[in-house]
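Residue indices begin at 1 and follow the sequence shown. Since the model is a prediction, treat every value here as computed from it, not as a measurement.
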Amino acid sequence: RLAQNREGLDNILKEADFLIKLRHPAITQLEDVFSDNRESVYLVMELLPGGDLYERIVSKTRYPEREAKEVMLRILAGVRHMHEHSVVHRDIKPENILMVSAEGDTEVKITDFGLAKRTDHALYRPKSVVGTPAYFAPEILARHFSVTHSGTYSVEADLWSCGVLMYVLLAGEYPWSQEELGTAIPGARYSFHQPAWQQVSEGAKDLIRALLVPEPAKRLTATQALGHAWFADPALRDILPSLPTSSTSSSSSSSSSSMLSTFSAHTAGNKGNGSAFQPKMQTGAHSSAQSARGLPRKSSDAMSVDSPQSN
């Protein structure tokens, strides 16, 4: 990541801070932060050579339900961990889920915290319209279309995105087309009539319905989703012990936090020494039309929206 002013550096360090504090088996790990001069800052991430989940879905056409169950278990465990630390990701989608290896189809990790934000249900809630339109929760879309751009949202938006992601996993297509977003998302208008759903259990469909609920307060939390009957599979017991809650994984972050503290202290002394720069934060913004519900053949065809003021 290239940091070309203090604001850009702060944004990079904010993402690094999230990654350090959110250490979890289902979240991509930050290995180091360093600078080779006063203009370039690098986040060294763990090596995950399997590509992203989007590419894997396209290559498979769709995921068999058994494999989709393992993938969603890991994703929801990572999301639960984020939410327990009052962090909302704001861009959960297959492109931001990395495959641990090229061989396995179910071991995944959440990545890209460039749009992540701290949230507090009582004191602070995000406002900016950021993320990827097909995965927007109704409360984010409502703010986007509001004349006064009013309204806030919180961690519930991530669970809606998880519902869309689960639909894409099992069907190999979006629940709605780009043209339908403004009407389909607010009313959760989608169907299970396509041929792909004939081989999917009612339990899977029920979980999707419980995640794609327009009212945030009635939507399942990550913890509730993990307790859904769809995951009541003895074969998943080998996965669950490796996906701890925050109480069992928080200790691992304390030892690594010194990495960021040392780096921040080093860069803090350079506030008045740098040039006047502009940050170049990559947020995965794309801009091609998607007229059908089928997945574009390239991951870069997905649209993403970002706001100048990422609140």
Non-hydrogen atoms of [X] and [Y] that approach each other most closely:
X: Pro186; Y: Pro138; answer: CA-CB, 4.2 Å
X: Glu156; Y: Pro216; answer: CG-O, 3.5 Å
X: Pro133; Y: Gln178; answer: CB-NE2, 3.8 Å
X: Trp160; Y: Ile185; answer: CH2-O, 3.5 Å
X: Tyr63; Y: Arg56; answer: OH-CG, 3.3 Å
X: Lys93; Y: Thr132; answer: NZ-OG1, 2.8 Å

I'd like to know if the side chain of [X] reaches the main chain of [Y], judged simply by a donor and an acceptor atom lying under 3.5 Å from each other, with no hydrogens or angles considered.
X: Glu67; Y: Pro64; value: no
X: Ser161; Y: Ala157; value: yes
X: His85; Y: His81; value: yes
X: Asp91; Y: Leu115; value: no
X: Gln29; Y: His24; value: yes
X: Arg219; Y: Val213; value: yes
X: Glu55; Y: Asp52; value: yes
X: Thr28; Y: Ile110; value: yes

Less than 4.5 Å apart, any side-chain heavy atom of [X] and any of [Y]?
X: Glu31; Y: Met45; value: no
X: Leu22; Y: Phe113; value: yes
X: Leu165; Y: Pro94; value: yes
X: Met72; Y: Val79; value: no
X: Lys21; Y: Asp17; value: yes
X: Phe136; Y: Leu181; value: no
X: Val200; Y: Arg62; value: no
X: Leu73; Y: Leu236; value: yes

(request) Go through the steps for Tyr167 and Trp197 under the test ring pair (Phe, Tyr, Trp, His ring centres under 6.0 Å), then give the verdict. (result) CA-CA 10 Å; Tyr167 187 106; Trp197 293 104; 4.8 Å; yes
(request) Could you please spell out the steps behind the side chain to side chain contact (heavy atoms under 4.5 Å, CB included) verdict for Glu95 and Leu53? (result) CA-CA 6 Å; Glu95 293 92 328; Leu53 181 58; over 6 Å; no
Nearest 0.5 Å, what's the [atom1]-[atom2] distance between [X] and [Y]?
X: Leu207; Y: Gln224; atom1: CG; atom2: CD; answer: 11.0 Å
X: Ile208; Y: His228; atom1: CD1; atom2: NE2; answer: 10.0 Å
X: Cys162; Y: Leu76; atom1: SG; atom2: CG; answer: 5.0 Å
X: Lys69; Y: Leu169; atom1: NZ; atom2: CG; answer: 13.0 Å
X: Ile20; Y: Leu30; atom1: CD1; atom2: CG; answer: 5.0 Å
X: Glu107; Y: Glu103; atom1: CD; atom2: CD; answer: 11.5 Å

(message) Can you tell me which residue among His83, His89, Arg80 is in a side-chain hydrogen bond (donor to acceptor under 3.5 Å, both in side chains) with Asp158?
(response) His83
(request) Using the six-membered ring wherever Trp is involved, compare the ring planes of Tyr190 and Phe192 and label them parallel, tilted or perpendicular (cut-offs 30° and 60°). (result) perpendicular
(request) Check the pair Glu70, Asp105 against side chain to side chain contact (heavy atoms under 4.5 Å, CB included), reporting the backbone distance first and the verdict last. (result) CA-CA 9 Å; Glu70 289 190 34; Asp105 289 332; over 6 Å; no
(request) Could you give me the CA-CA distance, side-chain angles and deciding distance for Glu65 and Trp230, then say whether side-chain hydrogen bond (donor to acceptor under 3.5 Å, both in side chains) is met? (result) CA-CA 10 Å; Glu65 185 171 346; Trp230 191 55; 2.7 Å; yes
(message) Can you confirm whether more than 12 heavy atoms, excluding those of Glu215, are under 6.0 Å from its CD atom?
(response) yes
(request) List the steps, then state whether side chain to side chain contact (heavy atoms under 4.5 Å, CB included) holds for Tyr42 with Asp32. (result) CA-CA 8 Å; Tyr42 299 90; Asp32 201 358; over 6 Å; no
(request) Under 4.5 Å between side-chain heavy atoms, chaining through other members, with only Ile, Leu, Val, Met, Phe, Trp and Tyr counted: pull out the rest of the cluster around Leu48, sorted by chain and number. (result) Leu98, Val100
(request) Would you please test Thr119 and Ser86 for side-chain hydrogen bond (donor to acceptor under 3.5 Å, both in side chains) and show each step? (result) CA-CA 5 Å; Thr119 180; Ser86 300; over 6 Å; no
(request) Applying side chain to side chain contact (heavy atoms under 4.5 Å, CB included), run through Arg90 and Val155 and close with a yes or a no. (result) CA-CA 8 Å; Arg90 305 203 293 181; Val155 296; over 6 Å; no
(message) Between Glu180 and Arg189, does any side-chain N to carboxylate O distance fall below 4.0 Å?
(response)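 Not counted as a salt bridge, because no side-chain N and carboxylate O are separated by less than 4.0 Å.
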(message) Does the structure place the NZ or CZ of Lys14 under 6.0 Å from the centre of the six-membered ring of Phe18, at an angle of no more than 45° from the ring's axis?
(response) no
